Amino acid sequence: MSARIGVITFPGTLDDVDAARAVRYAGAEAVSLWHRDTDLQGVDAVVVPGGFSYGDYLRAGAIAARSPVMGPVVDAARRGMPVLGICNGFQILCEAGLLPGALVRNTGLRFICREIRLRVEADTAWTSGFEVGTAITVPLKSGEGRFVADGETLDRLEGEGRVVFRYAEPAPNGALRDIAGISSADGRVVGLMPHPEHAIDPLTGPGADGLGLFTSVLGRLTAAA
Amino acid sequence: MIVDVLPKAEILDPQGQAVARAMGRLGVSGVADVRQGKHFVLEVDDSVGDAELERIAESLLANPVMEEWVVRREGQQP
């Protein structure tokens, strides 16, 4: 039986279709979850995709983080279920308290949409298939992608090996310490601003580097089964 | 009820900076800094206590990681 990975759709989500496609490319079954669901249908992991949930009202990700589906996601994550938040999904995981810090307006005030190279810097549930230090190319497309946290939190993230992805160039959005993605202390919840789900096939993206996140978690789930 | 939310002083506020630069172009001088935030007006029953209002501000209206906030009853001086 293949692993089942949930993909959440909120009103305003854009990248759920590509996220589900990435899950299928990796060899898992994609299970659609709706923002009003309170039952995760027994999925083994969850992807919180990008977009503009609830129109980014209040703050990016703020309303989605308090939606019905996120209650069981937070509970399951605290028990060790792998969760990946991409772009708006990363913002949602920060607002839900699963990841520290926050994402704020890009320094240059411009929405950035281009390919970018990232360094994989930590071995987590979503990056176990990568060699630490590998560079991957994936699209970045966000207006509020600047990761911020207080100095103590940044030191802790770096000290505990929880900076999972760093921009391989000075962060174009002004993210502190060039941080593109981070993880929870147990390495099972990961959030990043760039979009691995758009880079799973050279036909439709810059390459297939992003597929590694989805095959990584699948390997982890299969090994645990 | 009024809740004012502002980005923390130590967090770069590029929107506020853009506003400050526009003032310079209008010929306004003497404005050292601008921070742009949000102003919430809530109609609240008298039964809702201060602690509950503080909880609303802290857990929803503001994100304590990047923002600071002030809660006050209407008519009350900030």
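Order of the sequence lines sets the chain letters (A, B, ...), proteins ahead of strands, with each chain counted from 1. Owing to the predicted nature of the structure, the values given are computational and were not obtained by experimental measurement.
Both the backbone and the side chain of A:Arg105 come within contact range of chain B, judged by heavy atoms closer than 4.5 Å. Using a 4.5 Å cut-off between heavy atoms, B:Gln15 contacts chain A through both its backbone and its side chain.
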>> Is there a side chain to side chain donor-acceptor pair (under 3.5 Å) between A:Ser53 and A:Asn88? Walk through the geometry before answering.
In response: CA-CA 7 Å; A:Ser53 57; A:Asn88 188 222; 2.8 Å; yes
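Ranked by heavy-atom pairs under 4.5 Å with chain B, the list A:Asn106, A:Thr107, A:Ile63, A:Thr153 is led by A:Thr107. Contacts with chain B were tallied for A:Pro100, A:Ala65, A:Gly101, A:Ala62; A:Gly101 has the most, counting heavy-atom pairs under 4.5 Å. Chosen from B:Leu61, B:Asp13, B:Ile11, the residue pairing most often with chain A at heavy-atom distances under 4.5 Å is B:Leu61.
The main-chain N or O of A:Ser183 is found under 3.5 Å from a side-chain atom of A:Arg162 such that the two form a donor-acceptor pair.
Between B:Arg72 and B:Asp4 a salt bridge is recorded (basic side-chain N to carboxylate O distance below 4.0 Å).
Relative orientation of the A:Phe147 and A:Phe90 rings is parallel, given thresholds of 30° and 60° on the angle between their planes.
In this structure, CD1 in B:Ile2 is found 8.0 Å from CG in B:Leu42, a value given to the nearest 0.5 Å.
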